[in-house]
Structure formats: C-alpha cells, structure tokens
Amino acid sequence: METESEPYVRLASLRQLHQAMADMNKARSLADTLQAVADGVVQALGYELACVNLVRPDGDLVVAAFAGNQAAEALITGRAGSRESWDRRLGMGQQWGDLIFIPHSEGWVLDDDDVPQWYTDGPAPRFEGEWHPSDRLFAPMYAPGPQGGSSGELIGVLSVDRPRNGRHPGAWGREALQMYAFQAAIAVSNARLRSNMQRALVRLERDQQALRASEESFRQAFEYAPSGMAIAEMGGDQHGRILRTNDALCRLLGRPASAMRRYAFSDLVHPEDIGTLLRTSAEGGRAELRLGRRDGSYVWVSLRNSVVADAADGPRFLLTHVEDIEDRKRHELQLAHRASHDSLTGLPNSAELRSRLAARLCQRPQSPHAAVADAMDAAYGGSAVFDSGGHTFDFGAAAEPYGGFDHHVHAVAPEDGRDDGTKGLAVLFCDLDGFKSINDRFGHNAGDAVLIEVARRLSGGVRDGDTVARLGGDEFVILANGLGLADAQDLAARLRGEIIQPIRAEGRAVRVGASFGIGWAHCGMTADEVLKSADERMYVEKRSRPKQHRRAG
C-alpha cells in the first residue's frame, strides 16, 4: 500500500485492506490463517516481504508463515528465535504507535542473534526517509481482551521489510499496519480456538469409530501390513504427533506401541535429516531419512505420507508408510564412499578434496568434480556425504547462493604472508621426500605401507573437522579452517616431525621426509587455483632446503 495522506486515502487501498482482512478471517485452519496474514501484508499493505512469527507454548517465536520470497520462505519457515532475543528487539528502536521501528544505525547489534531473518537487497538511502536494506519494522500482535481490546499477551509478531515505494511508511501506512496486526491477532486467536475444538472433535470421532464396522477392516489392513504404518495428527500445536503404530513399525524401531505415542517423527529422526523431514510435504510427501531405534542406532527408511480426512470439513490425519531401506542405503553409501575416497589410505580423494574446498568458496567451478558433488548432494540430501565446513545461517544481508549453498561465511586469508591476526582456511600441500627411492629399493608394497602410515599420522595430527586428503602419488593436502599464519606454520612443522619418524615397511625401518607449502583459500578463487598456489609454495620450500636435510635417514 503506497504512502498516502489523510483524508485522501484511495478507495482502492481500503478495498485491498478489507479483502486481506476478510481472507484471513475466512481461513479454515491456523496454518491457512497465518499464511493469509503474511500474504495480506504483501498484497494489501505494499511490503516486499512479510513474516509471521508465532509464540510457541515454550515462549519462543517460530516462523510460521512467510510471503514475498520463495527462497527465503523455504529457508526460514519452521525456524525459531528465543523469546529473550525477541524481547530485546521489541524493547529497542523507535515507537511508532504500537509498531517498533529499528533503523539500520541501531539494528546492526542484532545481526548475530538467533532470530531467523532475511533482508531484501538494495542501495543505501539517498535522502531522509528512504528505506535502508537493514531497517527493521515489527508489528506486535496481542491476544484480544474480554472487552474487545488487547489483553497484553503477546501471541506473535509481524515482521515486514522494504515498502515497495522505498520510503518509510507515513501516518496512514503505519496506522494501517497497526490495524492489520490487531485484526490478525483476533484471526489467529480464533483459528487457535477452532483448532482446539477440532482436536476435541477428532478425539470424540476416534472413540465413535470403534463402533463402526469399517474400523475393523481398516484396523486389520493397518495392523497386519508387512511394512511400518503410523497415524499422526495433522495441523495444530500437536502436528506430527504419533497416534497409532502397527507391529511392523514397532519391530523395526524396537519400541513398544505405548512408547511410540509419546513421539512425533521429528523426535525420532536423525539430527542431520531434520531438514529433509521439514521439506517433506504433509500433503502426500515422500522422503528417505534415518529413524532412531530404541538401542540408539538409526535405520534408513523411506517415509511416505498420505492425508486421511474424516469428512469434507472434518479433522485430517497423516497416514505414514515406513519402509526399511537400510540394505539399499548402505550399499549406496558404500559406493559413494568408494567414489570419493582413496582405496589405499581411506582418505578423501582428489575429487572429494576439490568438492569440499569448492563448497567453502563463493563460486563453485563447473567441473567434473563439482558434478560429482552435486550428484551426491542430490542423492543424500546434502548431509550424508559432505561436511558443511563451518557454514552458518546469516539472513542479515542480501543472500545469494554461493557454491551451491544458500548460507555462506566468506573465506579470508592473511595479507601478504604476514601474521596479522586473520584466521582463515589454510591449505597445506605435502609432498614426501625420498619416497621414490623406497619404491625403487624395496618395491611397491613397501611404498604402499609408507603411504598408509603417513596417512594415519597426518590424520592423527589434525583436529576433528579438518580434512586430510590424498591428492595422488605421494602428495597429500590438509584443509584446516580457523588458523592464522603462525598456527599453520606450527601445524606444518608438527606434521613434518611426525612423518620423519621411522616407519616399519616390509620388515625394515625406513624414513621419508616431507615438504609443506602453505596456501590460503579465499573467496573469488577456484579450488584448482587454491591447490596450485599451495603446490607452488611447497616447491619453493622444497628448493630452499638442502637436499640432505629433506628427510632424516
């Protein structure tokens, strides 16, 4: 809605606002109501983005609806921010009536809190009153009181971003947003009441179904199905809670039926597969993920949802079919591991190294290695094969996909080889000294034994989360994030000291040395450019040392 001066508010604007309020009040469920609220802010009030943050029973606020940007909606819907962070936001900034406006000059202190957020991109303001990309505007929603006013209980917050005219809303725009937030609070409260009443009817109808003959046929088909079956609640605060399971599912997970009723599938899913579960559509979605057994292990399953409705306007359930795919998935993972790891040492191979390195840079090169990484991402939901390597969620700036990921922290490097305190992604290129002579004198079996032991020592000398890969032959590469120049040099010296210790190979003690080149990965480089830089520095280091000092013994 464009900023307009009273009393010259266009009739069309009022009609838009009236239609938005009508849409959210005629919604049939809480989810539909919340989405109608978000859509109404975008369509009727003229903001590019709108987000409905709903207060959960635990007090935190969850992103329950989003409008204006599908990419942002997919990323932050369902994520929660703590009540403490929200109270901080609502207690600062400027009071515009019931609205809270936090200008970009103050809001920067909120960039790193745990509230899910997304900002539209745009230039800095050119004149007073122009919207800044980092400005924040919130419209708190309070539960209606018994006399028609507000009860003071916060039930949610409308977050809006960037008016389409690029200006801060005027008096009419602010009042319209306040009025809309008030009506939205009433609609949300009514939708919750309807949802509670509907759940009560669900329980009543469930009891009555025991008297119906059709229940017996369904019960037998459900109970004696050869694969796992479950019925879960759909919609409302208890969405996804398991109501009933068959024997096959209980046996698969090693849990009794009485215990299964205490869980939702989100409680049982592997932490790395939560995103896969959330992306699964409740209206008949399918996913492959891991569910937890009673003994603490996980089993791969194919989970498929179907919606079961009692009547046209009655309650709905989720009928979930669970199929054991553990053997197939184990085979697929074994194939993926073989494709991405060196058969001799078990370390990540050259293709996997380049994939992990490219994933940390702003632009992943379109190479055969990147194609392998993309295929594995598609097969395993982006979680079974690759380590995110420190990627974090940051919705406080204009977001563009970097290297196939929507969340990115820029990689930086110390300037001009000086230890200026910068912590970056160090790339240590290691080439063994004297390895060829071992192959020539004692044979390839001795050489293989040396490579396996060197791989073991390198892996034992780095931190959890660092990558040790075999590039090929007697060349190894270490990726170590969060190191300064002195840290990287100390790491190289320590690893060199481990390698030069005697190695038992074919019944004899042999020694090899190691030359290290330290490169730095930073955004704007390709994986090959990073490796080439480290390789060149390794050769400089190798040539700078006398030949007799390159290996000990």
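Heavy atoms only: backbone and side chains are in, while hydrogens, waters and symmetry mates are out. This structure is a prediction, so every number in the text was calculated from the model and none was measured.
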Run the numbers on F265 and L289 for side-chain contact (heavy atoms from CB on, under 4.5 Å), then give the verdict. CA-CA 11 Å; F265 277 108; L289 43 75; over 6 Å; no

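The pair E272-R290 meets the salt-bridge criterion, with a side-chain N (NZ, NE, NH1 or NH2) lying under 4.0 Å from an Asp/Glu carboxylate O. A salt bridge does not link R293 with D295: every distance from a Lys NZ or Arg NE/NH1/NH2 to an Asp or Glu carboxylate oxygen is 4.0 Å or more. In summary, D114 and R88 do not engage in a salt bridge, as defined by a charged side-chain N under 4.0 Å from a carboxylate O. Between R457 and E453 a salt bridge is recorded (basic side-chain N to carboxylate O distance below 4.0 Å). Between D487 and K423 there is a salt bridge, with a side-chain nitrogen of the basic residue lying less than 4.0 Å from a carboxylate oxygen of the acidic one.
Under a 3.5 Å cut-off, the side chain of E288 and the backbone N or O of V301 do not form any donor-acceptor pair.
Atom CG of N69 sits about 10.0 Å away from atom CG of D161, to the nearest 0.5 Å. Between atom CG of residue N349 and atom CG of residue L344 there is a gap of 12.5 Å, rounded to the nearest 0.5 Å. The line from CG of L353 to CG of L347 is 10.5 Å long, rounded to the nearest 0.5 Å. In this structure, CG in D464 is found 11.0 Å from OG in S459, a value given to the nearest 0.5 Å. Expressed to the nearest 0.5 Å, how far CZ of R304 lies from CE of M229 amounts to 8.5 Å.
The side-chain hydrogen bond (donor to acceptor under 3.5 Å, both in side chains) with R328 is formed by just one residue from the set H331, E326, E332; it is E332.
D60 and S82 form no side-chain donor-acceptor contact under 3.5 Å, judged by distance and modelled atom types alone. In this structure, a donor-acceptor pair under 3.5 Å is absent between the side chains of S306 and H321. A donor-acceptor pair shorter than 3.5 Å can be found between the side chains of S350 and R354.
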